[in-house]
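Everything on this sheet refers to the single structure shown next.
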Amino acid sequence: MKDGAIRKYSLFGVALVFLALLILPATRWIAGFQLRSALMIGPGDDAAMRRAEHLVASQHPRDLQFQLADAMRAPKNGSQAGSVPALLSLQQRFPDSPVLAATIIRFSMLGRVLSRPDA
C-alpha cells in the first residue's frame, strides 16, 4: 500500500471515531470542546475555565491531585508564588503527604535560588 493511501485511510478512521464521539451523549461535550479548541472557535473564557476547574476540585475534596491542580493554578499576574498560601491550606487535609510537602517547598523557593559560578 502506498503512503498516501495509508494516510487517507488513517484520516478516514480518525474522522469516523471522532464522529462517533460527537454522536454519543456521554462523550459529546468533550469531543465538541476538543473540536472548538482545535479550530479556535469561540472565546477563550479563562474565568469560566477556572470556575469549572474549581468546581471539579470541590467535588473531589479527598483527591490530592485535584486539590493540587486547583491550588497551583497560577494567579492572573502570572506569579506562581501566589499558590503557596493555597498549598499550605491543604496541609490540614493531607498532613502526611510527601507530594504536598515537596510541592510547597518547590513553590516556596521559586525565584529564591541563587546560582554562583564555581571558583
Side-chain angles (χ1 to χ4, degrees):
M1 207 180 264
K2 292 185 179 180
D3 193 37
I6 293 173
R7 286 185 186 174
K8 183 170 73 170
Y9 287 121
S10 297
L11 185 60
F12 181 70
V14 169
L16 278 178
V17 169
F18 195 74
L19 183 62
L21 290 174
L22 280 172
I23 291 172
L24 296 172
T27 57
R28 182 179 303 143
W29 69 274
I30 195 162
F33 180 77
Q34 289 293 329
L35 182 63
R36 285 190 301 277
S37 296
L39 299 177
M40 294 184 209
I41 298 172
D45 189 1
D46 192 47
M49 182 64 75
R50 177 68 181 124
R51 285 191 303 273
E53 290 170 351
H54 185 68
L55 176 66
V56 170
S58 66
Q59 292 171 348
H60 299 90
R62 293 179 164 216
D63 191 324
L64 177 61
Q65 297 302 319
F66 281 117
Q67 301 308 313
L68 280 175
D70 189 44
M72 290 189 317
R73 173 83 167 156
K76 289 190 178 204
N77 65 4
S79 169
Q80 293 283 341
S83 303
V84 173
L87 289 169
L88 288 171
S89 70
L90 292 177
Q91 276 188 322
Q92 296 170 356
R93 281 191 275 169
F94 306 100
D96 298 326
S97 172
V99 172
L100 179 59
T103 305
I104 290 171
I105 292 169
R106 180 169 56 100
F107 276 81
S108 297
M109 298 308 296
L110 281 177
R112 294 185 186 175
V113 177
L114 300 175
S115 62
R116 62 180 181 178
D118 292 335

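Note that the coordinates shown come from a computational prediction; the quantities given were computed from them, not determined experimentally.
- Residues Ile30 and Leu21 are members of separate hydrophobic clusters, defined by side-chain heavy-atom contacts under 4.5 angstrom among Ile, Leu, Val, Met, Phe, Trp and Tyr.
- Listed by chain and number, the residues in a ring-ring contact (aromatic ring centres under 6.0 Å, His included) with His54 amount to none (sequence neighbours excluded).
- Residue Phe66 is not grouped with residue Leu100 when hydrophobic side chains (ILVMFWY) are merged at heavy-atom distances under 4.5 angstrom, including chains of intermediate members.
- Rounding to the nearest 0.5 Å gives a distance of 13.0 Å between OG of Ser58 and CZ of Arg51.
- With a 6.0 Å radius and a threshold of 12 heavy atoms from other residues, nucleotides or ligands, Gln59 has its CD atom above the threshold.
- Once rounded to the nearest 0.5 Å, the distance linking CD of Gln67 with NE2 of His60 reads 9.5 Å.
- Distance alone, capped at 3.5 Å, places no donor-acceptor pair between the Glu53 side chain and the Asp70 backbone.
- The minimum heavy-atom distance between Arg93 and Pro61, with the atom names listed, is NH1-O, 3.3 Å.
- Among residues two or more places apart in sequence or in another chain, the side-chain contact (heavy atoms from CB on, under 4.5 Å) test is passed with Leu88 by Val84, Gln91, Ile104.
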Check step by step if side-chain contact (heavy atoms from CB on, under 4.5 Å) holds for Arg7 and Leu11.
CA-CA 6 Å; Arg7 286 185 186 174; Leu11 185 60; over 6 Å; no

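- Phe107 and Leu68 fall within a single hydrophobic cluster, where Ile, Leu, Val, Met, Phe, Trp and Tyr side chains are chained together by heavy-atom contacts under 4.5 Å.
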